[in-house]
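Below: one structure, written as structure tokens.
Numbers restart at 1 for each chain; the letters A, B, ... are given by sequence-line order, proteins then strands.
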2 protein chains.
Amino acid sequence: MGEQLQEQRLSEVLKAVSDATRRSILTTLVQEGPLRVTELAGRYDMSLNAISKHIKVLESAHLVTRRTIGRVHLIEADLDPVRAVDAWFGQLRSIWDLRLERLGEVIAKGVTRDERPVPDGNKDDPGPG
Amino acid sequence: MGEQLQEQRLSEVLKAVSDATRRSILTTLVQEGPLRVTELAGRYDMSLNAISKHIKVLESAHLVTRRTIGRVHLIEADLDPVRAVDAWFGQLRSIWDLRLERLGEVIAKGVTRDERPVPDGNKDDPGPG
DNA sequence: ACGATATTCAACCAAATGGGTGAACAATTG
DNA sequence: CAATTGTTCACCCATTTGGTTGAATATCGT
């Protein structure tokens, strides 16, 4: 159990970085280290509030963390959730390679498509229910 | 030039895979090879049209291609665009590591934060433009 | 205590998203 | 040609998104 939770989190992370502004914020933070909201906002042609919202999106995807010191909120990048993304893509690619490999064997043996074995489970998705 | 175009494509790909249903479709296609729209749709508790739309999203992100044979549309996964995603994450991580490394040196030398060299360019974003 | 600064909250808005339904279109089959 | 099958198109609908502005809240400096 709990795979859908993982799925959910993966969706959240991917959605968070699917926005160019948010990617840029993340890159900036990774490059320069923790920055204040205002400092960050100053670099974009966008209202402070807009940036504040973007930060919150990144925050709930756990791609950034916040350290509040007095009235200043220090925003810091955290690349940990990216590993889940890597894992997913990696798995996808390995399945892909496996299938190609198997397809190669099948062709070599001259087995027809209908006769070849069913590929085994992928334990991730809301999948083909 | 053309980095924003790359950015745009990256956004499209990430957004496409940020939906669990679409990720599942992609995984299924990778596992089982090209499938018809109806076949694909049959696996989800969702209308044929909904799946058709999801496929179109994946298609415009170039994550799947379509081969139309008569009235049948064969949908096939294409993991090529995933490389762009990997590249971005990879770059992000290497910047991250670089900064940590530099930070280590700085600490070792006892230089203050304000004195340390400015990190060099990241040539991707709509960035702190 | 007061004014300035840093940030969020709340409301609003236009546009995009994810879903549904019914009609249209294309190709295959009888 | 008529019926059936595979798929998209055109709408409709509720929700989310990305942005705005203005007010509220909290902290700092004087």
Within the 4.0 Å heavy-atom criterion, would you say B/D19 contacts the bases, only the backbone, or no part of the nucleic acid? sugar-phosphate

Does a side-chain N or O of B/R36 approach OP1 or OP2 of D/dT5 to a distance below 4.0 Å, or not? no

Salt-bridge test for A/E59 and A/K53: reply yes if a basic N is under 4.0 Å from a carboxylate O, no otherwise. no

Atom CZ of B/R23 and atom P of C/dG18: how far apart are they, to the nearest Å? 12 Å

Can you tell me how far P of D/dG6 sits from CG of B/L40, to the nearest Å? 14 Å

Would you tell me if any nitrogen or oxygen in the side chain of B/S47 comes within less than 4.0 Å of OP1 or OP2 on C/dG19? no

Can you measure B/K53 atom NZ to C/dG22 atom C1' for me and round it to whole angstrom units? 13 Å

To the side chain of A/N49, which of C/dG19, C/dA10, D/dG19 is closest? C/dA10

Euclidean distance, B/R99 CZ relative to B/S94 OG, rounded to 0.5 Å: 13.0 Å

Integer-rounded Å distance: C/dG19 P and B/I25 CD1: 9 Å

Do any side-chain nitrogens or oxygens of B/K15 fall under 4.0 Å of OP1 or OP2 in C/dT17? yes

Counting distance only, does the side-chain N/O of A/Y44 pair as donor-acceptor with the main-chain N or O of A/A50 below 3.5 Å? no

Find the distance between CD1 (A/I55) and CG (A/L26) and round it off to the nearest 0.5 Å. 11.0 Å

Hey, does A/K56 reach any base, or is it just sugar-phosphate, or nothing, if we go heavy atoms under 4.0 Å? sugar-phosphate

Rounding to a whole Å, what distance do you find between A/L48:CG and D/dG18:P? 17 Å

Would you say A/I75 and A/L58 make side-chain contact, with heavy atoms under 4.5 Å? no

Nearest-Å distance for atom pair CD/C1', residues B/E39 and D/dT5: 15 Å

What does the list of N/O pairs under 3.5 Å between the protein and nucleotides 28-30 of chain C look like, with a distance for each?
none

Atom-pair distance (CG on A/D45; P on D/dT20), nearest Å: 8 Å

Which one, C/dA6, D/dG19, C/dG19, comes nearest to the side chain of B/H54? C/dG19

B/H73 atom NE2 is separated from C/dA27 atom P, nearest whole Å, by 9 Å

Could you walk me through whether B/R23 and B/S18 pass the side-chain hydrogen bond (donor to acceptor under 3.5 Å, both in side chains) check? CA-CA 7 Å; B/R23 278 201 306 279; B/S18 78; over 6 Å; no

Under 4.0 Å between a Lys/Arg side-chain N and an Asp/Glu carboxylate O for B/R93 and A/D86? yes

